Amino acid sequence: MKIEEIQDIFFQECAEGLVQAEEGLLALQSGSHDSETINTIFRAVHSIKGGSGAFGFTALQHFTHHFETLLDQVRSGDHAMTPGLVSVLLAGFDMLSDHVAAIGGEAPTPDDADVLKRLQDVSSGTPAVEEGASPVEEAKDDAGLDFDIAGLMDELDDGAAPAADWEKGAIEEAPESASAESTLFIRPSRGAMAHGGEPLLLIRELVDLGASVRDVDCSALPTIDQFDPEECYLGWHVDLPDAIKRATIDEIFEFVAEDCLLVFDGVDLGSVAAPLPVEPAVAAAPKVAEPVKPAPVAVVPIPTAEPLGASVATTVPVPVPVPVPVAAAEPVPAPEDKGASAPVGVTQTIRVDLEKLDRLVNLVGELVITQSMLAQRLLNCGLAQITELSDLDHLTRELQDSAMAIRAQPIRSVFSRVPRIVRELQASTGKRVQLDVEGEGTELDKTVVERIGEPLTHLIRNAIDHGLERPEDRIAAGKDPQGRVRLSAEHRSGRIMISVSDDGRGIDRERVLGKAIERGLVSPDARLSDEEIDNLIFAAGFSTAESVSNISGRGVGMDVVRRNVQALGGRISISSRPGEGSTFTMSLPLTLAILDGMIVSVGEETYVIPLTHIIESLRPEQDHVKMMGHSQPMLNVRGTWLPVQSVAEGLSISGAKTDPSDAVLIVVESEATGQAVLMVDEIRDQRQVVIKSLESNYRQIEGVAGATILGDGRVALILDVEAITSASRPQIERSPLRAVK
Amino acid sequence: MTRITLTPIMDRSAVKAHLDELKAAFAEAGSIEIACEAVEQIGLAGLQLLASAVRTGRERGTGVVLAGVGDTLAATLKLAGMKQILLPADGATS
């Protein structure tokens with residue numbers, strides 16, 4: 001594996017670590033102060049620090065070192081968990097995120113001086129990490145204590161950094177084994193230090209997690225004449241607290257399992273280790289010590305079936321000096337569940353070049369088209385019912401689903417940026433905000449994930465900056481001084497719905513309408529519904545630097561937000577109640593490549609209506625359609641009158657049917673307009689189609705979402721149901737949606 | 001008395017060099033003082049060398065003293081569970 005590939009894995013681990021750390025910090029912020037939460041944050045930062053040193057990211061390493069120092073003090077109970085401390089930790093996290101972005105080339109190296117000072121100020125306000133430790137000791141760098149791995153030597157930073165807090169966990173201060181839930185005996189193989197291996201790193205990692213070294217087995221250590229610097233002679237008994245899960249042990253030793261004997265508790269392993277056959281060196285007295293008799297050791301290989309249970313991935317029959325009686329001969333009970341030996345939570349992954357993935361998706365798209373054309377030709381030959389064609393259809397569909405699933409990513413990566421935005425806005429506006437996030441595991445196409453960040457950020461900013469009132473105003477309004485912003489994602493009807501809600505003052509419709517009339521976006525005598533007024537904020541040119549409503553005026557207007565969402569094949573809608581808040585909902589396709597559609601004909605033209613919008617289709621009875629006014633037909637659908645929109649009329653198609661009772665009516669539903677009825681000549685088919693962008697090949701057309709190639713080779717336009725039904729709504733003299741260019 | 005001064009970076013190559021020095025020192029008469037003041041970084045190989053030297057001294061009746069053990073070395077000994085063994089008097093010997 002190339003170093004770049006290893007580094008990429010590190011970047012990936014950094015991203016995962018940041019997610020874990022932020023989740024933990026948000027839990028702290030919400031009042032969850034349990035030790036596991038703090039440990040999780042610590043481990044995440046610790047892992048990033050370790051990798052940063054290995055890859056020479058000194059700025060990141062330096063920062064994480066100080067961040068880790070404070071976190072370790074926190075988990076040791078040196079600091080009370082106060083809002084102020086949480087704030088400092090969150091600031092540290094934000095800076096850590098910036099550093100990680102910098103090493104990934106996404107941003108310049110941040111200036112972390114202020115945040116570092118905050119971290120250090122809090123750290124230095126605590127007692128010395130070790131009893132009796134001097135300030136000088138505190139100034140030592142735990143990285144500087146590190147080991148002689150050649151590759152790391154140059155990267156270890158100066159000796160002026162704070163002390164290693166893991167000192168506290170070492171044997172002198174350890175609460176002995178009384179509180180330990182289990183014991184781990186570790187004996188690296190003789191060759192464990194070959195190729196730069198450093199067993200002390202494993203010990204250190206365990207100690208970092210709260211383990212303590214009970215004793216060290218030096219019985220295999222030779223005298224100086226037989227000493228080989230390349231060999232490992234020691235073994236350790238380590239007491240493990242309950243907090244250290246088995247999976248964590250597996251993870252730590254994952255890459256050295258073949259080079260290390262591990263024995264978990266269950267039997268008393270204390271007698272395995274012979275005491276060091278030397279007495280402590282006497283400090284100042286250069287006297288000749290009494291000769292020490294060699295310990296009565298017998299070097300015997302440990303039978304492979306013995307202390308190692310299924311829990312140890314691979315064992316090496318390392319010669320272990322065993323005093324008589326040979327306690328190690330006692331078999332360690334095998335774990336009850338053999339399956340438990342498998343590393344927990346390990347998911348196999350493979351990194352694939354995105355271009356290859358996109359090519360696969362494109363080829364699948366072409367396959368869909370070819371399959372469709374084949375079906376059409378067979379149909380023309382009267383062979384539409386053959387089994388193989390049906391099988392091919394199923395397989396093609398499964399292949400499509402699988403290919404698209406490869407591109408699917410959880411929206412967590414986008415949502416994870418929001419807490420920081422909220423924190424920054426809280427600081428800049430003085431408002432207090434509680435952020436609730438739901439559905440961050442919801443998956444959607446990678447492209448959508450990548451491009452939804454900007455509009456989402458804008459919506460969040462609007463919700464806090466303009467939607468929420470100031471604390472004093474909220475109190476005056478009888479509200480909690482802390483505003484709430486809710487961010488959610490969910491799958492619904494084959495689409496993903498992302499909502500941003502606030503419990504602020506809601507849209508000031510009077511002012512919005514007044515400004516729209518002033519700007520000529522709406523005629524002065526227009527009578528608009530509340531929903532239509534709300535949608536005016538999406539009109540191009542409506543938003544300016546001047547704050548005209550509670551959700552406008554931030555340079556980039558809401559029209560840009562809507563345009564970005566539309567470019568993804570999505571829609572955005574608003575729901576607002578005065579004094580109670582607003583909700584912006586983005587409805588996005590799961591994929592940008594394929595959709596299920598109904599093939600319809602209008603005049604001589606063929607169109608595709610996305611099935612996600614279709615509720616039902618019908619041929620109406622004569623008395624089911626009534627005229628409202630002179631030109632608006634309405635369809636009675638089980639007691640509800642819905643407006644009928646002629647697709648031919650909307651798209652200026654001649655030769656199409658004009659009498660609803662003679663045509664096919666399709667009941668559709670959209671986010672913005674609710675239910676409506678589209679009138680077409682006839683339904684020809686229903687199938688998956690591959691979406692071809694109209695914008696990239698031609699230009700955006702109102703009422704058309706894209707194009708596709710049908711089985712007979714003809715190009716068909718995919719209808720933009722929302723745009724068509726919005727334009728058809730009565731009483732709208734000037735639809736805001738017309739603002740799209 | 002033979003004095004051996006450990007290098008600041010006690011990596012594998014330094015350990016090999018000091019091993020030769022120790023072998024030579026044990027071949028001579030008299031006690032051995034291992035000066036640890038300069039040690040900034042040390043790994044398991046270095047710790048094992050020190051422990052081996054102490055053990056050898058015990059077995060052969062040669063005095064072996066670790067002198068000037070600083071914080072860095074003490075911390076690493078502590079991590080490895082060897083502090084009580086090699087530094088019984090709470091810290092550096094001198």
Side-chain angles (χ1 to χ4, degrees), chain A residues 133 136-137 140 142 144-150 153 156 159 163-164 166-167 170-172 188 193 196 198-200 203-204 207 213-216 218 221-227 229-234 236-238 276-292 294, chain B residues 1 9-16 18-19 22-23 26 31-33 40-67 70-94:
Chain A
V136 173
E137 287 174 318
K140 293 296 180 185
D142 76 330
L145 301 179
D146 278 345
F147 317 106
D148 53 353
I149 299 173
M153 291 298 286
L156 299 179
W166 42 258
E167 289 176 39
I171 53 176
E172 285 80 357
M193 297 199 298
E198 178 51 78
L200 278 188
I203 304 296
R204 177 181 169 180
V207 170
V213 177
R214 185 199 296 171
D215 55 50
V216 59
C218 301
L221 191 67
T223 59
I224 210 77
D225 294 328
Q226 282 81 44
F227 185 83
E230 298 290 345
E231 293 198 353
C232 180
Y233 302 104
L234 306 184
W236 293 268
H237 284 99
V238 179
L276 179 67
V278 293
E279 292 178 1
V282 179
K287 65 181 182 181
V288 177
E290 290 295 319
V292 178
Chain B
M1 182 180 72
I9 309 299
M10 285 289 289
D11 58 9
R12 217 64 57 85
S13 59
V15 170
K16 287 175 183 171
H18 290 312
L19 174 62
L22 282 166
K23 285 179 178 175
F26 276 112
S31 59
I32 301 171
E33 180 181 278
E40 294 175 359
Q41 296 172 349
I42 187 166
L44 184 58
L47 299 187
Q48 289 186 150
L49 178 71
L50 297 179
S52 176
V54 171
R55 176 176 188 167
T56 305
R58 293 295 174 127
E59 290 191 10
R60 298 182 186 177
T62 302
V64 177
V65 175
L66 305 185
D71 299 327
T72 297
L73 177 55
T76 310
L77 286 169
K78 192 174 183 179
L79 173 73
M82 301 170 72
K83 189 174 179 182
Q84 286 180 319
I85 298 170
L86 296 179
L87 302 174
D90 186 31
T93 61
S94 60

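Not measured: the values here are computed from a predicted model. First the proteins, then the strands, lettered A, B, ... as listed; each starts at 1.
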Region of A:Glu231 that comes under 4.5 Å of a non-hydrogen atom in chain B
backbone
For B:Leu47, is it the side chain, the backbone, both, or neither that has a heavy atom closer than 4.5 Å to a heavy atom of chain A?
side chain
Between the main-chain N or O of A:Tyr233 and the side-chain N or O of B:Gln48, is there a donor-acceptor pair closer than 3.5 Å?
yes
Do the side chain of B:Ser52 and the main chain of A:Phe227 share a donor and acceptor less than 3.5 angstrom apart?
no
What is the minimum heavy-atom distance between [X] and [Y], and which atoms define it?
{"X": "A:Ile224", "Y": "B:Thr56", "result": "N-OG1, 2.7 Å"}
{"X": "A:Glu198", "Y": "B:Gly43", "result": "OE1-CA, 3.6 Å"}
{"X": "A:Val216", "Y": "B:Gly81", "result": "CG1-O, 3.2 Å"}
{"X": "B:Ala45", "Y": "A:Pro229", "result": "CB-O, 3.7 Å"}

At a heavy-atom distance under 4.5 Å, which candidate from A:Val238, A:Ile203, A:Leu234 has the highest pair count against chain B?
A:Leu234
Output the distance between atom CD (B:Glu59) and atom CG (A:Asp225), rounded to the nearest 0.5 Å.
10.0 Å
